[in-house]
Protein chains: 2
Amino acid sequence: MARAATTTDAFNAVAEPRRREILDALAGGELAVGDLVELLGLAQPQVSKHLRVLREVGLVDVRDDGRRRLYRVNGAPLRAVHDWVAQYERLWNERFDLMDDVLDELGTRPPTDAGTGQGD
Amino acid sequence: MARAATTTDAFNAVAEPRRREILDALAGGELAVGDLVELLGLAQPQVSKHLRVLREVGLVDVRDDGRRRLYRVNGAPLRAVHDWVAQYERLWNERFDLMDDVLDELGTRPPTDAGTGQGD
DNA sequence: CAAACATATACCCATATGGGAATGCGTCAA
DNA sequence: TTGACGCATTCCCATATGGGTATATGTTTG
């Protein structure tokens, strides 16, 4: 087996830096392939291929405009990523960690910080 | 060129479902490789290899305990993922207006150093 | 109609992958 | 010491990747 396909889910699709750049560029609004080619400095086929992947996971939508194709972001699939990562927020935020200890010792969570002081 | 190495960053490391499972399992606390083997139903070498990747990107720390090795999560590297994805929250959240303000502020880099956040 | 333009596909290729199986190596038990 | 245990590493391999280049498809213009 090789690595999971990039089109498997948003996790894989977004692992590629170039695709993140594309999404960032599209964050400002609709853009045609040619615009992205200029903005990213990538070859046109490469951009089209990245867009294909993004489309397959639903991260972008397309709209025909004459001989151009306008792409736009659709962040919905990123929600899964966000939700998963959010669970680890506490692990890079020391405060939560300390708070956890404190709460653990107290045995219960006070309804609000009643100015418990900063003891430690 | 092939795909970027899985050890390139948290984005790539976490794109693999098994590695996410490992992190989820470790979220409860330290675990030995053998524990993970049982929990995930994977072969031991595979688990060790996934742990290697996670270690290389700093997502887990190890600790020797006799002939076992206890792994624990370190969510720090996930912060980059979280921060990037958070930019797109507005695309699946209805509160555009509020988010717009936030994004606007993110667009500028205040001279302040770390610690800003909203802690207060 | 043909020519120019915009985009998508097809091919080719070097590369890292993740699983399987075998093995190396340090640690604990008898 | 020998042997069992726990884990890491190595080798093998099918597979998808992303970039490069060439080409096919569709659209607008002359």
Side-chain angles (χ1 to χ4, degrees), chain A residues 1-26 30-73, chain B residues 1-26 30-73:
Chain A
M1 246 188 209
R3 221 195 289 197
T6 57
T7 53
T8 300
D9 51 37
F11 280 97
N12 283 278
V14 162
E16 168 66 21
R18 265 48 203 295
R19 281 193 288 264
R20 260 175 279 148
E21 285 181 40
I22 289 182
L23 291 178
D24 288 340
L26 292 177
E30 280 185 334
L31 284 180
V33 178
D35 300 327
L36 290 168
V37 169
E38 271 198 55
L39 286 172
L40 302 185
L42 271 183
Q44 176 267 310
Q46 273 52 271
V47 173
S48 281
K49 280 188 275 190
H50 282 310
L51 285 169
R52 181 112 153 76
V53 173
L54 291 174
R55 254 183 47 194
E56 288 198 33
V57 296
L59 276 169
V60 298
D61 293 318
V62 214
R63 179 167 77 84
D64 277 18
D65 174 42
R67 55 186 167 187
R68 293 190 306 166
R69 311 202 77 195
L70 301 179
Y71 284 80
R72 68 180 312 190
V73 190
Chain B
M1 246 186 211
R3 222 197 289 199
T6 56
T7 53
T8 300
D9 52 36
F11 280 96
N12 282 278
V14 163
E16 169 66 20
R18 295 336 181 94
R19 278 190 293 262
R20 259 175 280 146
E21 285 181 41
I22 289 182
L23 292 178
D24 288 341
L26 292 176
E30 281 186 333
L31 284 181
V33 178
D35 300 327
L36 291 168
V37 169
E38 271 198 55
L39 286 171
L40 303 185
L42 270 182
Q44 177 266 312
Q46 272 51 272
V47 173
S48 282
K49 282 188 272 190
H50 281 312
L51 285 169
R52 181 113 154 75
V53 173
L54 291 174
R55 254 183 45 194
E56 289 199 33
V57 298
L59 276 169
V60 299
D61 293 318
V62 214
R63 178 167 78 85
D64 276 17
D65 175 42
R67 55 186 169 187
R68 295 188 305 164
R69 310 201 79 195
L70 301 180
Y71 284 81
R72 68 179 312 188
V73 190

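Here is the naming used below: chain letters follow the sequence lines, and residue numbers restart at 1 for every chain.
Less than 4.0 Å separates DNA chain C from at least one heavy atom of each of the following residues of residues 37-46 of chain B: B:Pro45, B:Gln46. Scanning residues 3-18 of chain A for heavy-atom distances under 4.0 Å to DNA chain D yields A:Ala5, A:Thr6, A:Glu16, A:Arg18. For residues 53-66 of chain A, proximity to DNA chain D is found at A:Gly66, defined as any non-hydrogen atom under 4.0 angstrom from a strand atom.
B:Ala43 is linked by a side chain to side chain contact (heavy atoms under 4.5 Å, CB included) to B:Pro45, B:Gln46, counting only residues two or more places apart in sequence or in another chain. A search for side chain to side chain donor-acceptor pair (under 3.5 Å) contacts involving B:Arg63 returns B:Glu30, not counting sequence neighbours. Every residue meeting the side chain to side chain contact (heavy atoms under 4.5 Å, CB included) condition with B:Arg3, not counting sequence neighbours, appears here in chain and number order: A:Arg3, A:Thr6, A:Asn12. Applying the side chain to side chain donor-acceptor pair (under 3.5 Å) criterion to B:Arg69, with sequence neighbours excluded, gives B:Asp64. Judged as a side chain to side chain contact (heavy atoms under 4.5 Å, CB included), and not counting sequence neighbours, the contacts of B:Asp65 are B:Arg68, B:Leu70. With sequence neighbours excluded, no residue satisfies side chain to side chain donor-acceptor pair (under 3.5 Å) with B:Asp35. Under the side chain to side chain contact (heavy atoms under 4.5 Å, CB included) criterion, B:Glu38 pairs with no residue at all, not counting sequence neighbours. In this structure B:Glu21 satisfies the salt bridge (charged side-chain N to carboxylate O under 4.0 Å, His left out) test with no other residue, sequence neighbours excluded.
Reading DNA chain D from its 5' end, the first and the last nucleotide to sit under 4.0 Å from a heavy atom of chain B are D:dA4 to D:dG18.
If you measure from atom CG of A:Leu36 to atom P of C:dA8, you get 10 Å, rounded to the nearest angstrom. When rounded to the nearest whole Å, the span between CZ of B:Arg68 and C1' of C:dA29 equals 16 Å. Taking atom CG of A:Leu51 as the reference point, atom P of C:dA6 lies 16 Å away to the nearest angstrom. The distance from atom CZ of B:Arg69 to atom P of C:dC25 is 16 Å, rounded to the nearest whole Å. Protein atom NZ of B:Lys49 is 11 Å distant from nucleotide atom P of C:dA21, rounded to whole Å.
Looking at which nucleotide of DNA chain D each of B:Gly34 and A:Ala2 is closest to, the 5′-most match is held by B:Gly34.
Considering only the side chain of A:Val33, C:dA8 comes nearest among C:dA8, C:dA4, C:dG19. Among the nucleotides C:dT27, C:dA8, C:dG18, the one closest to any side-chain atom of A:Tyr71 is C:dA8.
B:Leu59 is not listed as a side-chain neighbour of B:Val73, based on a closest heavy-atom distance of 4.5 Å or more. Here the side chains of B:Arg72 and B:Val60 are not in contact, with every heavy-atom distance at 4.5 Å or above. Side-chain contact between B:Val33 and B:Tyr71 is present, with heavy atoms from C-beta onward closer than 4.5 Å.
Under a 3.5 Å cut-off, the side chain of B:Arg19 and the backbone N or O of B:Ala13 do form a donor-acceptor pair. Proximity of a side-chain donor or acceptor of B:Arg20 to a complementary backbone N or O of B:Ala15 within less than 3.5 Å is detected.
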